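Below is one structure, written out as structure tokens; the observations come after it.
All figures in this text were calculated on a predicted structure; none of them were measured in a lab. In what follows, chains carry the letters A, B, and so on, assigned in the order in which the sequence lines appear, proteins first and then strands, with residues in each chain numbered from 1.
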Amino acid sequence: MSQATMVHDVLSGKLAVKDVVTLKGWVRTKRDSKAGLSFINLHDGSCFNPVQVVAPNSLNNYDEDVLALTAGCSIEVTGEVVESPGKGQAFEIQATEIKVIGLVEDPQTYPMAPKRHSMEHLRQYAHLRPRTNIIGAATRVRHTLAQAAHRFFHEQGFYWITTPIITGSDAEGAGEMFRVSTLDMANPPLTDKGEVDFSKDFFGKETHLTVSGQLNVEAYCLAMSKVYTFGPTFRAENSNTSRHLAEFWMIEPEIAFADLNEDAQLAEDFLKYIYKAVLDERADDMEFFAKRINKEAISRLETFINSSFERIDYTEAIEILKKSGKKFEFPVEWGLDLQSEHERYLCEEHVKNPVVVTNYPKEIKAFYMRLNDDNKTVAAMDVLAPGIGEIIGGSQREERLDVFDARLKELDLPAEDYSWYRDLRRYGTVPHAGFGLGFERAVCYATGIENIREVIPFPRVSNNADF
RNA sequence: UCCGGCUUAGCUCAGUGGUAGAGCAAUCGGCUGUUAACCGAUUGGUCGCUGGUUCGAGUCCAGCAGCCGGAGCCA
């Protein structure tokens with residue numbers, strides 16, 4: 001690939017005035033001046049702002065090509081970097097040559113016309129929406145968060161474990177699953193009992209898309225000490241909200257010889273690290289989000305990374321909610337799970353910052369969570385963020401085989417389904433803990449974008465797998 | 001899955017049972033080192049689909065579809 005100059009190189013001042021460069025990109029807007037020139041705003045994804053290209057009518061293809069340019073056209077521009085005499089940009093390109101690479105077929109119906117569009121409209125054009133300010137900015141922030149996540153773990157001595165996407169385990173216990181099968185659905189092989197015979201299926205058993213890499217990553221944790229997963233996750237739940245996707249990316253660190261406190265500290269350090277990276281590296285995009293999406297987009301991240309998370313025991317949280325004097329739609333009672341409205345009160349009104357709620361009643365939490373000494377609660381935590389709700393769910397895992405087996409029995413789960421997971425408790429077991437972070441929710445929090453479908457390139461939700 | 005709402009021009013939306021509207025975009029013209037410029041004009045419609053009520057339905061009713069918001073589930 002040729003070392004093409006990017007818009008970012010020009011606007012950042014990396015290039016010297018009078019350097020002759022060739023830029024390739026897409027037209028965002030064009031303004032013609034009868035003074036004998038046109039102004040073209042060109043973007044190529046390398047940064048938030050487009051570069052202004054000044055096209056004089058002395059160009060030999062000015063009338064036929066330059067005047068015909070509309071939003072979305074792709075062009076190649078050669079010209080000199082100059083200081084801009086106009087307001088709004090320090091540098092611009094004085095074009096000496098403009099080549100049209102691709103015109104827009106019908107400017108009137110081009111879906112990304114230079115005007116305000118609704119998010120629903122952009123979603124219907126998921127293949128064209130990355131050309132817009134907001135999706136471009138969200139894409140860069142998403143990238144920065146992903147890179148920062150890997151960098152954080154790497155610097156802390158974690159190993160990235162790629163856990164399987166297709167799972168033969170029906171014990172992940174985190175929700176409805178998508179089946180993976182090569183059987184002929186119209187005419188499947190049947191057992192004597194008349195049920196579908198999955199022993200004839202591709203893997204010789206029933207398989208699904210993973211709902212969590214946690215159980216697998218625990219195995220690597222109990223050998224490599226500090227590990228994490230970062231990959232796609234699938235939930236076949238018919239949940240229709242701005243916070244859920246059928247396909248999303250999850251980050252799940254797991255640390256050995258650690259308890260819930262260290263887990264919560266890890267979550268805090270991690271979130272602060274990735275959000276600091278966004279503030280440091282994507283100032284241009286964040287400025288846009290603060291201006292157009294959420295006025296507090298930048299300030300709340302600054303507050304976030306400069307204050308320590310409040311930690312509240314579940315039992316304490318119940319007391320706070322009871323004493324709040326607020327009228328809640330759902331009851332507040334020890335033993336009941338916290339509802340969205342309760343979580344929102346805790347982090348948005350009571351603390352006004354992210355809050356870690358710990359030690360939930362065992363009845364409302366998963367089988368693998370470690371039983372506390374009170375025999376009533378488990379060492380679980382939720383990190384709640386204002387505006388998003390639950391951004392992280394984690395726990396210390398039950399490492400004691402006898403306690404784990406008792407818990408399985410209590411929940412009527414067959415021990416044979418957990419044979420390899422039990423092995424981890426039979427051979428050199430150690431206390432360990434981890435959490436799951438919904439990556440898209442983290443992107444929502446960073447950008448202030450409210451709907452999770454805007455922060456993943458091609459969202460998959462029930463009834464919609466277009467593109 | 002449940003509750004509520006919406007569906008009218010390329011887009012965003014007005015529209016009181018009686019001739020289909022605006023802004024933006026697009027096109028044309030004017031003006032201008034312009035900044036999602038400004039001024040003027042023009043083009044653009046099976047009012048989501050099916051049925052019903054009515055002399056008459058974009059408007060009222062029913063069904064269906066799609067989308068949006070909230071809830072549940074969760075990350």
Side-chain angles (χ1 to χ4, degrees), chain A residues 27-41 43 49-56 67-68 70-72 82-89 92 94 104-125 132-133 172-176 211-214 229 232-252 267 292 329-330 337-341 343-344 364-366 382-385 388-394 435-445 450-453 456 461-464 466:
Chain A
V27 173
R28 171 131 321 127
T29 60
K30 179 186 62 115
R31 295 170 295 280
D32 301 320
S33 166
K34 279 299 178 305
L37 60 160
S38 292
F39 299 97
I40 300 164
N41 278 2
H43 70 96
N49 286 118
V51 68
Q52 174 157 283
V53 174
V54 180
L67 287 182
T70 56
V82 298
E83 285 179 25
S84 178
K87 286 175 188 162
Q89 61 281 317
E92 63 187 24
Q94 185 68 39
V104 165
E105 197 176 275
D106 178 9
Q108 190 183 343
T109 56
Y110 178 55
M112 298 296 118
K115 56 167 274 140
R116 274 194 94 94
H117 293 286
S118 65
M119 290 300 151
E120 298 82 64
H121 175 72
L122 297 184
R123 225 173 280 152
Q124 286 167 39
Y125 296 92
T132 62
N133 281 333
E172 289 176 351
E176 293 295 306
V211 293
S212 165
Q214 182 199 312
T229 71
T233 309
F234 308 87
R235 304 271 167 95
E237 252 130 39
N238 189 10
S239 46
N240 207 304
T241 79
S242 56
R243 307 182 304 283
H244 291 86
L245 293 164
E247 176 182 290
F248 64 100
W249 286 62
M250 192 147 66
I251 297 173
E252 297 171 288
R292 291 295 177 86
E329 192 188 334
F330 290 90
D337 206 356
L338 299 179
Q339 302 293 321
S340 289
E341 55 175 349
E343 297 181 343
R344 224 176 296 127
I364 57 173
K365 288 292 178 183
D382 282 356
V383 179
L384 312 176
I388 305 292
E390 186 179 339
I391 190 170
I392 281 179
F435 63 80
L437 166 83
F439 184 56
E440 283 75 19
R441 287 187 183 176
V443 182
C444 281
Y445 189 74
E450 287 182 0
N451 197 312
I452 201 163
R453 296 166 203 192
I456 189 167
V461 295
S462 75
N463 260 313
N464 192 346
D466 291 342

Measure the shortest side-chain to side-chain distance between A/Arg116 and A/Arg292 over non-hydrogen atoms and say whether it is less than 4.5 angstrom.
->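 Sidechains of A/Arg292 and A/Arg116: in contact.
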Quick one: are A/Val54 and A/Phe39 in side-chain contact, heavy atoms under 4.5 Å?
->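 They are in contact (side-chain heavy atoms under 4.5 Å apart), so the answer is yes.
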Kindly point out which of [options] is positioned nearest to the side chain of [X]?
X	options	value
A/Asp337	B/rC74, B/rA36, B/rG33	B/rC74
A/Ser33	B/rG30, B/rC73, B/rG33	B/rG33
A/Gln339	B/rG66, B/rA36, B/rG72	B/rG72
A/Lys34	B/rU1, B/rC73, B/rU32	B/rU32
A/Thr29	B/rG66, B/rA71, B/rA36	B/rA36
A/Arg123	B/rG72, B/rG33, B/rC67	B/rC67
A/Ala35	B/rG33, B/rA37, B/rG72	B/rG33
A/Ser242	B/rG70, B/rC73, B/rG33	B/rG70
A/His244	B/rG33, B/rG72, B/rU1	B/rG72

Residue that, paired with A/Thr70, satisfies side chain to side chain contact (heavy atoms under 4.5 Å, CB included) out of A/Val27, A/Val104, A/Thr29 =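 The passing option is A/Val104.
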What's touching nucleotides 46-50 of chain B from the protein side, N or O pairs under 3.5 Å?
none

Scan [X] against the nucleic acid and name what it touches under 4.0 Å (heavy atoms): base, sugar-phosphate only, or nothing.
X	result
A/Glu92	base
A/Gln94	base
A/Thr233	nothing
A/Asp382	nothing
A/Asn240	base
A/Ile392	sugar-phosphate
A/Asn41	nothing
A/Pro85	base
A/Gly436	sugar-phosphate

Would you give a per-nucleotide map of nucleotides 5-12 of chain B, 5' to 3', where B means the base has a protein non-hydrogen atom under 4.0 Å away, S means only the sugar-phosphate does, and - means neither?
-> -----BBS
What is the distance from [atom1] of [X] to [atom2] of [N], rounded to the nearest Å?
X	N	atom1	atom2	value
A/Asn133	B/rU35	CG	C1'	13 Å
A/Arg243	B/rA71	CZ	P	5 Å
A/Glu343	B/rC74	CD	C1'	10 Å
A/Phe330	B/rC73	CZ	C1'	12 Å
A/Leu67	B/rC28	CG	P	9 Å
A/Lys365	B/rC73	NZ	P	11 Å
A/Glu440	B/rC74	CD	P	19 Å
A/Trp249	B/rC74	CH2	P	24 Å

Taking the P atom of each, how far is B/rC38 from B/rU43, in whole Å?
->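 Comparing P positions in B/rC38 and B/rU43 gives a spacing of 22 Å.
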So, A/Arg123 and A/Asp466, do they make that salt bridge, N to O below 4.0 Å?
->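 Between A/Asp466 and A/Arg123 there is no salt bridge, as every charged N stays at least 4.0 Å from the carboxylate O atoms.
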Using 4.0 Å as the upper bound for N to carboxylate O, is an ion pair formed by A/Asp32 and A/Lys30?
->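 Yes, A/Lys30 and A/Asp32 are salt-bridged.
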Heavy-atom donor-acceptor pair, A/Gln52 side-chain to B/rU34 base, under 3.5 Å |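 Side chain to base: pair found, below 3.5 Å.
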Check if the side chain of A/Glu341 and the base of B/rG70 share a donor-acceptor pair of N or O atoms closer than 3.5 Å.
->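 Looking at the base of B/rG70, it does not pair with any donor or acceptor on the side chain of A/Glu341 (distance under 3.5 Å).
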side-chain contact (heavy atoms from CB on, under 4.5 Å) evaluation trace for A/Glu329 with A/Glu341 | CA-CA 8 Å; A/Glu329 192 188 334; A/Glu341 55 175 349; 3.6 Å; yes
Which base sits across from [N] as a Watson-Crick or G-U pair, both distances under 3.5 Å?
N	result
B/rC6	B/rG66
B/rA41	B/rU27
B/rU1	B/rA71
B/rU35	none

May I have the step-by-step check of side-chain contact (heavy atoms from CB on, under 4.5 Å) for A/Thr229 and A/Gln214, ending in yes or no?
-> CA-CA 8 Å; A/Thr229 71; A/Gln214 182 199 312; over 6 Å; no
Go through the side-chain N and O atoms of A/Gln89 and A/Ser84 and say whether any donor and acceptor fall under 3.5 Å apart.
->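 The answer is yes; a qualifying pair exists.
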Go through the side-chain N and O atoms of A/His244 and A/Thr241 and say whether any donor and acceptor fall under 3.5 Å apart.
->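 Note: A/His244 and A/Thr241 side chains meet the donor-acceptor criterion.
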Indicate yes or no for a side-chain donor-acceptor contact from [X] to the backbone of [Y] under 3.5 Å, with no hydrogens or angles considered.
X	Y	value
A/Glu252	A/Gly213	yes
A/His43	A/Thr132	no
A/Arg235	A/Val211	yes

Relative to the 5' end of RNA chain B, which residue comes earlier, A/Arg292 or A/Pro107, by the nucleotide with the nearest heavy atom?
->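 Result: A/Pro107.
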Using the closest heavy atom to pick a nucleotide of RNA chain B for each, name whichever of A/Glu450 or A/Phe439 lands nearer the 5' end.
->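 Closer to the 5' end of RNA chain B: A/Glu450.
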Under-4.0 Å side-chain N/O to phosphate OP1/OP2 contact, A/Arg235 with B/rC74 =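 No, outside the criterion.
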Phosphate-side-chain proximity, A/Arg453 and B/rC68, N/O vs OP1/OP2 below 4.0 Å =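 Yes, within the criterion.
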With under 30° as parallel and over 60° as perpendicular, where do the rings of A/His117 and A/His121 fit, or are they tilted in between?
->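 Parallel.
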